[in-house]
Amino acid sequence: MQDTPQAIPEIPAPPSAPLRFDAVGLDAKLVRAVHDQGYSTMTPIQAAALPVVLAGRDMMGAAQTGTGKTAAFSLPLLQRMLRHETSSASPARHPVRALILTPTRELADQVAQNVAAYARHTQLRSLVVYGGIDMKPQAMALRQGVEIVIATPGRLLDHLQARNCSLAQVEFVVLDEADRMLDIGFLPDLQRILSHLPKQRQTLLFSATFSGDIKKLAQSYLQSPQVIEVARPNATATKVTQRFIKVDEDFKHAALVQMVRDENLTQAIVFVNSKLGAARLARALERDGLVTAALHGDKSQDERTKALDAFKRGEVHLLVATDVAARGLDVADLPAVFNYDVPFHAEDYVHRIGRTGRAGAEGLAVTLVSVRDERLIGDLEKLLKKPVEWAPFEVRGLPRHRPAFEATARPRRDDSAAPPRRHDAPGAAARSEAPAWRPRPAPSDPFFDQPYREPERSEPAAWERTVDPKAALAQAAQLRNRLSPNIRTRRKLPALFVAPAPEMASDAPATV
DNA sequence: AAAAAAT
């Protein structure tokens, strides 16, 4: 492993005029496919990654979400594969030559669709492989022979064990959302997969976030990699308006509904931290006249697919999801994201809010912070390298519903001894003038006491290339605003109607 | 603390 790789290919400086796909030596078949998708000029990450991948270099690419990472690796990868394109029908002539791994099934599907679109005019075949669905069709397709496999780790290992495919001929590996793929939960599977691959190969890592630790770990899987960072690493998209509001845990539901109404939102993803929480919240929100769907790992794959498709078609107002939906998912024109819970890992915040404000569009990200979420805010500020700005917010009236679990909650063992819980009687709470959000004495609270300190940022190494973030964003915005690939016409939603609860008739804020 | 990914 070397620290200072030689023979660094020339990377184009941030182009003053956007670089066109037909002006960078890509095969005409690929250019045609790109044009079919409605693209003509490259985003900065695409312009930067292309020559590196074409030169056969390993690379680590960090770029904001929604800036075209998938095309950034698939196009040059396809280009390289085309040099040895074969049209033989024999499976032996169609070994798996490229492997793309993703952390969720939905993302695998999405990447596969993009790859297939870019490869449509070539002889190269691609296949997506993941769990939760019948293995047989996948096995048959693998045995027929495919050059490109897009997969989640578990099912791929299954196929390897069943000898449905060999990875001995793989020339290219891509880890999408690489930092997630390298985290402790995925690492064992990943290592087993990588052990099937030849040492001699090209490895590409992509993500919007790379923590320092992961960067170090990643080095051991890469050979003298080129690191490409477009915009500040770990940065959140600047087109997304971020709003943090303080709200009592019991009033989050009401706050969410109120904001959806006030902002006239047609759609939003609502992120929660647990699968059970997602299911409960989705159900509870239905009672407010909102069409919701839950998306989490306890659902069957069929349900997951249906939920996401319905949301993408615009038939669902609110998609209540766990972090299964945090990364990579491209929902066209999504106006807003809510963090009903503050994510456990700060990077996930970046990924979550990256679902909105994509392709240069405006987006709104609202994070609901209760007392129990507060300690996570510190981590977030460290990652964002600035203190969060609290937006003023008041819940008008009172929550219409008790938390869903109230109805079925079993009495606690020592229920008689326990002090009455406030959410047992939300109405009573207000009548007795209990505050919805209890402002705590800020000066004495250690959370607010800590002076904000700018985290140290090491200078990027000489071989790191940083593209001007402003130019990058402007370019991406301009590009994707004009062209809208893969955007299906959205069915018109019925006008958003949230039945006002009797308690909400009053505009008097519940806050004291 | 949680979620994801194989069944």
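These numbers come from a predicted model, not from an experiment. Below, chains carry the letters A, B, ... as their sequence lines are ordered, and counting in each starts from 1.
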Tell me, for nucleotides 2-7 of chain B in 5' to 3' order, what letter each nucleotide earns: B for a base near a protein heavy atom under 4.0 Å, S for only sugar-phosphate near one, - for neither? BSSBBS
With a 3.5 Å cut-off and no angle check, do the side chains of H94(A) and E147(A) form a donor-acceptor pair? yes
Do you see a donor-acceptor pair shorter than 3.5 Å between the side chains of T203(A) and R201(A)? yes
How are the rings of F206(A) and F73(A) set relative to one another: parallel (under 30°), tilted (30 to 60°) or perpendicular (over 60°)? tilted
Contacts of E286(A) meeting side chain to side chain donor-acceptor pair (under 3.5 Å) (sequence neighbours excluded), chain-then-number -> T292(A)
Salt bridge (Lys or Arg N to Asp or Glu O under 4.0 Å) pairs touching residues 105-118 of chain A, sequence neighbours excluded, are E106(A)-R304(A)
